[in-house]
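Structure, as structure tokens:
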There are 2 protein chains.
Amino acid sequence: MSRRPRSAFPSPDHDHRGCSASAIARAETLCASRKLRFTAIRRAVLKAVWQSHSPVGAYDILAKLNAKGADHAPMAVYRALDFLLENGFIHRISSQNAFIGCPHPETEHDSQLLICRRCGTVAEIDSAPVTRALKAAAPGFAIEQRTIEISGVCPHCRSGAHA
Amino acid sequence: MSRRPRSAFPSPDHDHRGCSASAIARAETLCASRKLRFTAIRRAVLKAVWQSHSPVGAYDILAKLNAKGADHAPMAVYRALDFLLENGFIHRISSQNAFIGCPHPETEHDSQLLICRRCGTVAEIDSAPVTRALKAAAPGFAIEQRTIEISGVCPHCRSGAHA
DNA sequence: TTGGCGACGTTATAACGTAACATTATTGGA
DNA sequence: TCCAATAATGTTACGTTATAACGTCGCCAA
């Protein structure tokens with residue numbers, strides 16, 4: 001069975017409920033197997049992050065939570081974000097002070113984020129050649145963390161209206 | 001005449017006054033040739049950024065300026081930083097909300113920043129293989145801006161005390 | 001010589017993030 | 001079962017980073 005080469009970018013008209021639901025279900029499973037507590041607020045924050053494929057700010061998340069009648073303080077959100085970051089369920093986008101769901105939290109991985117400035121969609125890739133090239137470019141330097149955020153225009157926006 | 005391969009990392013005991021003075025002198029020259037106004041506050045902010053090879057925050061800069069008796073508001077610093085960023089005299093380090101002087105503002109270039117978590121020193125590299133690998137890893141995506149910040153331990157800190 | 005524009009001053013506030021300590025929930029062991 | 005330890009959350013207050021909006025000043029060119 002052949003697969004079409006999938007772009008890292010989700011189609012603009014894909015059914016997003018599936019992404020969100022699947023991400024949350026997988027987080028649930030992973031937390032169970034790792035003996036981590038997937039509490040209500042952590043779930044709610046993860047769900048808010050997954051409300052789209054665009055970066056979501058901490059205070060957007062807070063507003064979303066509180067719109068449902070809750071009255072959380074920023075700390076609550078930041079703590080949940082810390083948990084989700086530490087366990088690989090989300091990534092931070094430093095250049096935007098925002099967060100995005102990780103599409104494959106099952107395994108540790110490098111990631112390079114492609115951010116469309118037109119539609120806001122973020123795609124995550126993990127290119128071994130990029131990682132190798134970086135390592136080779138920094139001889140003698142012991143790499144620990146990478147922040148790689150590339151912005152530009154995604155394939156869908158390029159092929160659509162050029163307005 | 002052979003050159004030793006220079007590390008991108010400045011030696012911890014180099015004479016830093018030269019770096020700073022040269023950066024400012026070159027900015028002066030470049031602004032003149034580009035018909036840009038290198039005003040007093042822009043010069044002062046650039047000097048503050050170049051006070052070391054470590055990232056400097058906007059409010060650190062503000063404090064440094066005001067320590068000399070001035071009474072600037074944050075806006076003044078941010079405006080100067082915007083000017084310096086737009087014209088390539090400094091880079092922003094998103095992962096630290098801070099700024100670093102660019103060692104070669106004469107020409108446009110990609111940059112990848114290596115940040116030592118031990119001594120704080122930042123080295124700027126411009127690796128064509130990294131740029132190529134990224135481009136290849138993102139087919140169909142029109143790259144416009146790159147934020148590449150790698151943290152780890154620099155050669156000097158690795159070879160020094162391992163405490 | 002004045003009109004336009006770029007730079008800067010000033011005030012206020014938005015947006016992002018954390019310290020410190022109190023309280024509640026969970027869980028594993030006696 | 002109940003207790004003690006620990007993890008999670010609540011709460012208050014504050015620190016840090018960044019920008020909006022509008023006024024003034026000064027330069028330079030028509």
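Throughout, a chain's letter reflects where its sequence line sits, starting with A, and its residues are numbered from 1.
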Are side-chain heavy atoms of B:I100 and B:V56 found at a separation under 4.5 Å?
no
How long is the line joining OH of B:Y59 and P of D:dA18, in whole Å?
8 Å
In whole angstroms, how far is the P atom of C:dC16 from the CD atom of B:Q96?
19 Å
Closest to the 5' end of DNA chain C, once A:M75 and B:A80 are matched to their nearest nucleotides, is B:A80
Tell me the interatomic distance from B:I61, atom CD1, to D:dT16, atom C1', rounded to whole angstroms.
14 Å
If each of A:R79 and A:A58 is mapped to the nucleotide of DNA chain C with the nearest heavy atom, which maps nearer the 5' terminus, i.e. the 5' end?
A:A58
Under 4.0 Å between any heavy atoms, over every strand shown, what does B:R42 touch: base, sugar-phosphate, or nothing? Just pick one.
sugar-phosphate
Interatomic distance, B:D82 CG vs C:dC8 P [rounded to whole Å]
12 Å
Counting side-chain heavy atoms from CB outward, which of D:dG10, C:dT10, D:dT19 is closest to A:H72?
D:dG10
Please determine whether a side-chain nitrogen of the Lys or Arg among A:R146 and B:E149 lies less than 4.0 Å from a carboxylate oxygen of the Asp or Glu.
no
d(CG, B:L36; P, C:dG6) in whole Å:
12 Å
Centre of B:F38's six-membered ring, under 6.0 Å away, within 45 degrees of the axis: is that where NZ or CZ of B:R43 sits?
no
Can you tell me which nucleotide in D:dT12, C:dC8, D:dT19 comes closest to the side chain of B:I41?
C:dC8
B:F38 has an atom CZ; how far is it from atom C1' of C:dC8, in whole Å?
16 Å
For A:N97 and C:dA14, what is the distance between atoms CG and P respectively, to the nearest whole Å?
18 Å
Sugar-phosphate only, base, or nothing, as touched by B:R92 at under 4.0 Å among non-hydrogen atoms
sugar-phosphate
Would you indicate which nucleotide in C:dG17, C:dG6, C:dT26 comes nearest to any side-chain atom of A:R37?
C:dT26
Have A:T131 and A:D110 got a donor and an acceptor in their side chains that come within less than 3.5 Å?
yes
Quick one: A:D60 CG to C:dG17 P, roughly how many Å, whole number?
11 Å
May I ask you to check whether A:H109 and A:E124 show a side-chain donor-acceptor distance below 3.5 Å?
yes
Against the side chain of A:A73, the closest entry in D:dT11, C:dT18, D:dA18 is D:dT11
